[in-house]
Amino acid sequence: MPGILPREFYTRPAPEVAPALLGCRLVRVLDGVRLSGIIAETEAYQGEEDLACHARSGRTPRTETMYGEGGHAYIYFTYGMHWLLNAVTCPAGTPAAVLIRALLPLEGEELMRANRPNQCGTASWLNGPAKLVQALALDGRQNGTDLCDPAGGLFIENGCPVELARVRVGARVGIQSVPEPWRSMPWRWTLFSELF
DNA sequence: CGGCCGATTATCT
DNA sequence: GATAATCGGCCGG
């Protein structure tokens with residue numbers, strides 16, 4: 001039975017929330033229409049000590065959202081052209097977030113594909129943090145959105161429990177210049193599927 | 001399918 | 001002034 005994930009789901013450590021989000025349904029309501037997909041890949045970032053986390057430099061205008069209460073969207077701009085979506089975790093005061101890296105299309109696939117004119121290959125149009133943000137028509141304007149309030153148009157619903165045997169754990173990607181042990185921290189979770 | 005590379009700008013040093 | 005939680009086009013096998 002579908003239900004929006006409650007605040008308590010998010011007010012836990014990111015490395016605990018990240019794998020729990022696999023199998024859940026990310027929903028974006030646009031003009032009353034639902035666009036959604038099953039979360040298939042996540043990464044955890046937590047604390048000023050985590051040198052891969054944006055909060056490594058402390059509290060700044062950009063990281064303010066991450067220092068807030070869990071259950072809000074942290075959407076930031078990178079590489080001069082991409083927006084990435086995260087779910088903030090932990091109680092207010094502790095900077096932590098889970099990066100949503102891939103989706104399996106569920107509702108509104110036609111519209112989501114339309115949002116990605118240059119979908120190169122056919123199989124990989126929704127597996128990538130910037131790709132899914134584009135498909136869901138998100139950008140910086142949704143930064144800070146309360147994921148626990150359906151009126152916000154952006155939330156996550158619980159899905160079917162995921163078997164541990166279907167989850168791959170590994171190191172986070174795109175952080176080559178980050179020193180050990182953070183670079184190799186096993187904080188990336190991927191749901192096995194035909195698409196990956 | 002896999003590797004290399006250019007794009008493009010907010011954020012922090 | 002350097003770097004970035006990436007992507008897509010182009011090339012070779």
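Chain A is the first sequence line, chain B the second, and so forth, proteins listed ahead of strands; every chain is numbered from 1.
Donor-acceptor pairing under 3.5 Å, judged by distance alone, is absent between the side chain of A/Tyr76 and the base of B/dA10.
Once the 5.5 Å centre distance and the 30° plane angle are applied, the aromatic ring of A/Tyr45 is found stacked with the base of C/dA5.
When heavy atoms are screened at a 4.0 angstrom cut-off, A/Ala52 is found touching base atoms of the nucleic acid. Within the 4.0 angstrom heavy-atom criterion, only backbone atoms of the sugar-phosphate kind lie near A/Arg62; the bases stay farther away. When heavy atoms are screened at a 4.0 angstrom cut-off, A/Leu99 is found touching base atoms of the nucleic acid. Nucleic acid contact class of A/Phe77 (heavy atoms, under 4.0 Å, all strands): sugar-phosphate only.
Close to C/dT3, at under 4.0 Å from its OP1 or OP2, lies no side-chain N or O of A/Ser177. Listed pair A/Thr60 / B/dC12 meets the phosphate criterion, a side-chain N or O lying under 4.0 Å from OP1 or OP2. Contact annotation: A/Arg116 side-chain N/O to C/dC7 OP1/OP2 distance is not under 4.0 Å. Between A/His54 and C/dA5 there is a side-chain polar atom (N or O) within less than 4.0 angstrom of OP1 or OP2.
Candidate nucleotides B/dT8, C/dA5, C/dT6 were compared by shortest atom distance to the side chain of A/Asn86, and C/dA5 ranks first.
Side chains of A/Pro150 and A/Ile4 form a contact here, defined as non-hydrogen atoms less than 4.5 Å apart.
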